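This is a predicted model, so every value here is computed, not measured. Letters go in sequence order (proteins before strands), and every chain restarts at 1.
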2 protein chains.
Amino acid sequence: MRYSHKLSDAVHILAYIEIYHDDDLSSTAIARSVESNPGLVRRLMAALRTAGLLATQRGTATPEVTRDPTDISLLDIYRAVETDDNLLHVDDKTNPQCIVGGNIQETLREAYATVQAAAEAQMASITLASLIADIWQREQQKTQA
Amino acid sequence: MRYSHKLSDAVHILAYIEIYHDDDLSSTAIARSVESNPGLVRRLMAALRTAGLLATQRGTATPEVTRDPTDISLLDIYRAVETDDNLLHVDDKTNPQCIVGGNIQETLREAYATVQAAAEAQMASITLASLIADIWQREQQKTQA
DNA sequence: ATTGGTTGTTACTTTAAAGGTAACATCTAA
DNA sequence: TTAGATGTTACCTTTAAAGTAACAACCAAT
């Protein structure tokens with residue numbers, strides 16, 4: 001398949017809502033920044049809403065991030081929008097008659113779980129606030145030059 | 001796209017070659033264990049050979065793992081077979097005119113790199129030898145019951 | 001040397017998940 | 001009432017992976 005950038009777009013949306021708090025926050029306006037389309041933006045916002053990270057109101061373009069950005073991690077956003085959380089995937093069609101085929105699935109599942117845990121621990125340590133701060137810092141470095 | 005299980009199949013192949021060292025090691029035999037087809041097995045073996053993990057000889061079904069399994073990590077295999085090493089992907093089409101769109105790519109690239117590093121460190125700590133040992137252990141637990 | 005079997009490689013098809021697009025019911029606010 | 005927004009769904013397109021097949025190159029045994 002294509003590589004997913006749902007996580008990237010979701011962070012984008014949340015950062016946009018925080019940074020352009022007093023401007024147009026319609027899905028159309030956000031889609032212009034993401035260079036995508038309003039439908040996709042609304043779908044991602046729906047996922048963020050389901051995860052309790054975003055509050056929206058039908059009919060009005062007034063989305064609000066529900067928690068303090070210091071209290072929202074990259075992992076929260078990842079889990080909110082990615083349908084399959086797994087970074088690595090076991091081949092679940094192997095020959096059970098074979099010593100390898102009959103056992104490797106569980107072996108790898110366990111190994112991949114530790115990799116997943118390591119990645120998630122790192123994701124948990126990155127906050128939306130720090131990402132927004134980094135965006136601001138890069139912007140300021142531009143205008144200084 | 002489909003989720004890749006190239007890494008899983010590559011581990012399967014290497015484990016198979018080690019465990020069935022004195023049996024039929026043709027791509028056809030291995031494909032039966034992977035429940036796939038010889039073409040795919042040979043393609044993965046070619047990638048492992050390019051990475052220096054496997055030695056093969058045209059015409060004869062005599063593949064050999066080149067390094068000691070304690071010296072081959074899951075990361076080595078991952079890098080050998082995955083065309084795109086990145087676990088997370090930045091959306092590289094965002095509006096540069098916008099504060100968010102113009103800076104988020106670099107911000108996320110940096111954040112994702114730390115997640116990648118955490119995952120890779122864990123992958124580096126898992127050896128082919130330990131995976132094979134785990135497969136054996138599971139097999140023995142079966143026959144004991 | 002011929003034969004049967006194997007690898008190495010490539011081209012093509014199929015599959016599945018992501019993303020693009022559009023439509024429309026529902027809601028809000030002026 | 002109306003213009004514009006969201007929420008949701010359905011369908012199409014794209015893309016990387018995996019399946020399939022073919023065949024030249026090679027090996028080993030007879």
Report all interatomic pairs (protein N or O, nucleotide N or O of nucleotides 24-28 of chain D) with separations under 3.5 Å.
| unit_1 | atom_1 | unit_2 | atom_2 | d |
| --- | --- | --- | --- | --- |
| D:dA25 | O4' | B:Arg58 | NH1 | 2.9 |
| D:dA25 | O3' | B:Arg58 | NH1 | 3.4 |

Tabulate protein N/O versus nucleotide N/O from nucleotides 9-13 of chain D, keeping only pairs under 3.5 Å, one per line.
none

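Phosphate proximity of C:dG19 to A:His5: present, with a side-chain N or O under 4.0 Å from OP1 or OP2. For the pair B:Ser4 and D:dA16, the criterion of a side-chain N or O lying under 4.0 Å from OP1 or OP2 is not met. Between B:Thr83 and D:dA16, a side-chain N or O to OP1/OP2 separation shorter than 4.0 Å is absent.
B:Ser33 and B:His12 share a donor-acceptor pair across their side chains, judged by distance under 3.5 Å alone.
If you measure from atom CG of A:Asp84 to atom P of C:dA17, you get 9 Å, rounded to the nearest angstrom. Look at CG on B:Leu40: it is 16 Å from P on C:dT10, rounded to the nearest Å. Atom CG of B:Asp91 is separated from atom P of C:dG20 by 8 Å (rounded to the nearest Å). Taking atom NZ of residue A:Lys6 and atom P of nucleotide C:dG19, one finds them 6 Å apart after rounding to whole Å. Residue A:Leu44 contributes atom CG, which lies 18 Å from atom P of C:dA17 at whole-angstrom precision.
Under the ring pair (Phe, Tyr, Trp, His ring centres under 6.0 Å) criterion, A:His5 pairs with no residue at all, not counting sequence neighbours. B:Asn103 meets the side-chain hydrogen bond (donor to acceptor under 3.5 Å, both in side chains) test with A:Glu139, A:Lys142; sequence neighbours excluded. Contacts of B:Glu35 classified as side-chain hydrogen bond (donor to acceptor under 3.5 Å, both in side chains), with partners at least two apart in sequence or in another chain: none. Partners of B:Asp134 under the side-chain hydrogen bond (donor to acceptor under 3.5 Å, both in side chains) rule, at least two apart in sequence or in another chain, are A:Thr107, B:Arg138. Residues that satisfy the side-chain hydrogen bond (donor to acceptor under 3.5 Å, both in side chains) test with B:Asp68, not counting sequence neighbours, are B:Thr70.
Position along DNA chain D of the nearest nucleotide to B:Glu35 versus A:Ala46 favours A:Ala46 as the more 5'-ward residue.
Judged as a salt bridge (charged side-chain N to carboxylate O under 4.0 Å, His left out), not a single pair has a partner in residues 80-102 of chain B (not counting sequence neighbours). Within the structure, the salt bridge (charged side-chain N to carboxylate O under 4.0 Å, His left out) test picks out no pair touching residues 7-17 of chain A (sequence neighbours left out).
Nearest nucleotide to the A:Ala61 side chain, out of D:dA5, D:dA17, C:dT7: D:dA5. Nearest to the side-chain atoms of B:Arg49 among the listed nucleotides C:dG19, C:dT9, D:dA16 stands C:dT9. Between D:dG19, C:dG19, C:dT7, one nucleotide has an atom nearer to the side chain of B:Arg42 than all others, and that is C:dT7. Minimum atom distance to the side chain of A:Tyr3 is reached by D:dA16, of the listed D:dG19, D:dA16, C:dA18.
Residues of residues 14-30 of chain B that place a heavy atom closer than 4.0 Å to DNA chain D do not occur. Contacts of residues 94-105 of chain B with DNA chain D (heavy atom under 4.0 Å): none.
The closest side-chain heavy-atom distance from B:Val11 to B:Leu7 is below 4.5 Å. For the pair A:Ile126/A:Leu131, a side-chain contact is recorded, criterion being any heavy-atom separation below 4.5 Å from C-beta on.
The end-to-end axis angle of the helix from C:dA1-D:dT30 to C:dA30-D:dT1, rounded to 10 degrees and based on five pairs per end, is 10°.
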